[in-house]
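Pasting a structure below so you can have a look.
From a predicted model like this one, the values you see are computed outputs, not experimental measurements.
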Amino acid sequence: MVNIPEYYAGKNVLISGATGFMGKVLLEKLLRSCPEVRSVYVLVRSKAGQSPKARISEIVNSKLFEKLQQDQPDFAEKIIAVNSDLTQPELNLSKADQSILAENIDIVFHCAATVRFSEPLKDAVQLNVLATQMMLALAHRMKHLEVFIHISTAYANCNRELIEEVVYSPSVDYRKLIDTLDWMDDDLVSTLTPKLIGEHPNTYTFTKSLAEYMVQQEAGDLNVGIVRPSIVGASWKEPFPGWIDNFNGPSGIFIAAGKGILRTMRASNNAVADLVPVDVVINTTLAAGWYSGSQVLNRPKSIPVYNCTTGGINPFRWGEVEYCINMSFKTNPLEQAFRRPNVNLRSNPFTNQYWTTVSHTLPALLYDGYLTLMGRKPRWKQGQKEQCLQCLFLTSAVNVGSIRACVFNSKKMPRAFFFFS
């Protein structure tokens, strides 16, 4: 079996979601560690007056790609931006682009998704389920496809006690749900959402669960793999420590705590904060593509699933997170902090609700009142709502059970370049 860089050498790779957090790191890592890759096609939509090519140009000229720029000054020539929109039929791909992809692509990484916990169900289904279905339909037309890697989440099945590396059947038939949502108005969907998602804490985990099952049902003879990362945070080592470009998930909580905005969270000090660095997830993803792609002639009967988590082998608890946040920001305070950083975890729901009202809701209402008097749009109350949803999910979902970590044991694995275990 060839090693990872050798496997990707001469291959044409397609990436969806390349402008997102994980997609950017995947694009950079693939080009830097697999320099012989032939080309990387990226599905990008026009946004804010920028063409797909302009958006990719802006990304590759960012700090994230500085190391790659030094090693391979002409790397950008391998990146081919393809105009696409995941919310449109056939991904809004032109017939010419569909033919080019069908004729040339060897490997697909489907990273595109909405990760908002409060996403309306219709939008979440469109982006996480229907877009994946259309990507699979496109993959079926690819004449030289070796492997299709779908990026899911370790919390797609967080309603289960033990999450193993298998695809589980959801409580709702995705086909019937898609047909039903097609004729329902938004108000009716909003009313029925709690019933539809059942034990899932939000539409994000619910639709990711549906997408996994849909991939299993519609993969047919495609060689498919599923990667399930847990809570993805800033980079550990590559391309440099601490890189992050958004305030989603844990980074938003940490910054809010550092600014003094977040003062209380409902969580147990002993609950596992299953945080995993983005570069570890991307290394696992590339290794999964290599491993699954190398097993074309001897692949397993069931779709291989790769759980990429830390809680099972190197648990980091929320009590430790609380201590690190408070100590770090007291030692190295952020500029323009709203209050002195002092976040506290509270397991008692009544105590937490009291301090949420005193430390979050009332200050937010007062500040929004000030903004209204100044003729500006209120924004803090809605921000507090989003923050509460993130805190509730991130600190409770990790208690649902044990998740096995993904570990490869092949001697062909160049650990110096693809570390993840």
Check: Roughly how far apart are Ile231 CD1 and Thr309 OG1, rounded to 0.5 Å?
Finding: 10.5 Å
Margin query: Assess whether a salt bridge exists between Arg32 and Glu238, defined as any Lys/Arg side-chain N lying under 4.0 Å from an Asp/Glu carboxylate O.
Written below: yes
Item checked: Atom NZ of Lys47 with >12 non-hydrogen neighbours under 6.0 angstrom -> no
Next item on the list: Fit a plane to each ring of His110 and His150, take the angle between them on a 0 to 90° scale, and name the class: parallel (under 30°), tilted (30 to 60°) or perpendicular (over 60°).
Entry: parallel
Item checked: Ser235 (side chain) donor-acceptor with Phe240 (main chain) under 3.5 angstrom -> yes
Note to self: Please identify which of these residues, Asp97, Val82, Asn92, meets the side-chain contact (heavy atoms from CB on, under 4.5 Å) condition with Leu43.
What the structure shows: Val82
Note to self: Taking Ile261's backbone N and O only, do any of them form a donor-acceptor pair with Arg339's side chain (distance below 3.5 Å, no angle check)?
What the structure shows: yes
Next item on the list: Return the minimal non-hydrogen interatomic distance between Ser84 and Leu91, and the atom names on each side.
Entry: OG-O, 2.7 Å
Check: Any chance CD of Glu58 has more than 12 other-residue heavy atoms, nucleotides or ligands included, within less than 6.0 Å?
Finding: no
Next item on the list: Check the pair Met142, Leu14 against side-chain contact (heavy atoms from CB on, under 4.5 Å), reporting the backbone distance first and the verdict last.
Entry: CA-CA 11 Å; Met142 294 175 180; Leu14 174 65; 3.7 Å; yes
Next item on the list: Kindly say whether Leu93 contributes a backbone atom to a donor-acceptor pair with the side chain of Gln98 at under 3.5 angstrom?
Entry: yes
Margin query: Return the CZ to CD distance between Arg346 and Glu322, rounded to the nearest 0.5 Å.
Written below: 8.5 Å
Check: Can you tell me if Lys208 uses its side chain to pair, donor with acceptor, with the backbone of Ile151 under 3.5 Å?
Finding: yes
Margin query: Let me confirm one number: the CG-NE2 distance from Leu210 to His200, rounded to the nearest 0.5 Å.
Written below: 7.5 Å
Next item on the list: May I ask you to decide if Ile59's main-chain N or O and Ser62's side chain share a donor-acceptor pair within less than 3.5 Å?
Entry: yes
Notebook entry, point to check: Do Phe21 and Trp243 make the cut of ring centroids closer than 6.0 angstrom?
Noted result: yes
Check: Any luck finding a side-chain donor-acceptor pair between Ser268 and Asn270 under 3.5 Å?
Finding: no
Check: Hey, does the side chain of Asn104 reach the backbone of Ile100 with a donor-acceptor pair shorter than 3.5 angstrom?
Finding: yes
Next item on the list: Could you walk me through whether Lys95 and Glu90 pass the salt bridge (Lys or Arg N to Asp or Glu O under 4.0 Å) test, one step at a time?
Entry: CA-CA 10 Å; Lys95 295 299 181 183; Glu90 296 187 329; 3.6 Å; yes
Note to self: Rounded to the nearest 0.5 Å, what separates atom CG in Asn246 from atom CD1 in Ile244?
What the structure shows: 5.0 Å
Note to self: Run the side chain to side chain donor-acceptor pair (under 3.5 Å) test on Glu218 and Tyr213 for me, step by step, so that the C-alpha distance in whole Å, both residues' side-chain angles and the decisive distance to 0.1 Å come before the verdict.
What the structure shows: CA-CA 9 Å; Glu218 301 191 11; Tyr213 185 70; over 6 Å; no
Margin query: Measuring from atom CZ of Phe148 to atom CD1 of Ile303, what distance do you get when rounded to the nearest 0.5 angstrom?
Written below: 10.0 Å
Item checked: Nearest heavy atoms of Val280 and Trp236, plus distance in Å -> CG2-CE3, 3.8 Å
Checklist line | Whether over 12 other heavy atoms sit under 6.0 Å from Gln50 CD | finding: yes
Item checked: For the student: nearest non-hydrogen atoms of Asp274 and Tyr155, plus distance -> CB-OH, 3.4 Å
Margin query: Quick one, Thr114 with Glu119, criterion side chain to side chain donor-acceptor pair (under 3.5 Å). Give me CA distance, side-chain angles, the key distance, then yes/no.
Written below: CA-CA 8 Å; Thr114 176; Glu119 194 78 74; 2.5 Å; yes
Next item on the list: Spell out, as yes or no, whether a donor-acceptor pair under 3.5 Å connects the side chain of Asn326 to the backbone of Val343.
Entry: yes
Margin query: For Lys122, I'd like to know if atom NZ has over 12 heavy atoms of other residues, nucleotides or ligands within 6.0 Å.
Written below: yes
Margin query: Using a 6.0 Å cut-off, check whether atom CZ of Arg175 has over 12 heavy atoms from anything other than its own residue.
Written below: yes
Margin query: Which heavy atom of Ile178 sits nearest to which heavy atom of Gln133, and what is that distance?
Written below: CD1-OE1, 4.4 Å
Item checked: Tyr306 (side chain) donor-acceptor with Ala287 (main chain) under 3.5 angstrom -> no
Note to self: For the residue pair Lys176 and Tyr174, would you count it as a cation-pi contact if the rule is NZ or CZ under 6.0 angstrom from the ring centre and within 45 degrees of the ring axis?
What the structure shows: no
Check: If every non-hydrogen atom of Trp290 is compared with every non-hydrogen atom of Tyr8, which pair is closest and at what distance?
Finding: N-OH, 3.4 Å
Item checked: Glu212 side chain to Ser152 side chain, donor-acceptor N/O pair below 3.5 angstrom -> yes
Margin query: Main chain of Ser292, side chain of Asn223: is a donor-acceptor contact present, judged purely on distance under 3.5 Å?
Written below: yes
Margin query: Could you report the tightest heavy-atom contact between Leu86 and Gln126, atom names first, then the distance?
Written below: O-NE2, 3.2 Å
Check: Is the backbone N or O of Thr264 less than 3.5 Å from a side-chain atom of Asn344, with the two atoms forming a donor-acceptor pair by type?
Finding: no
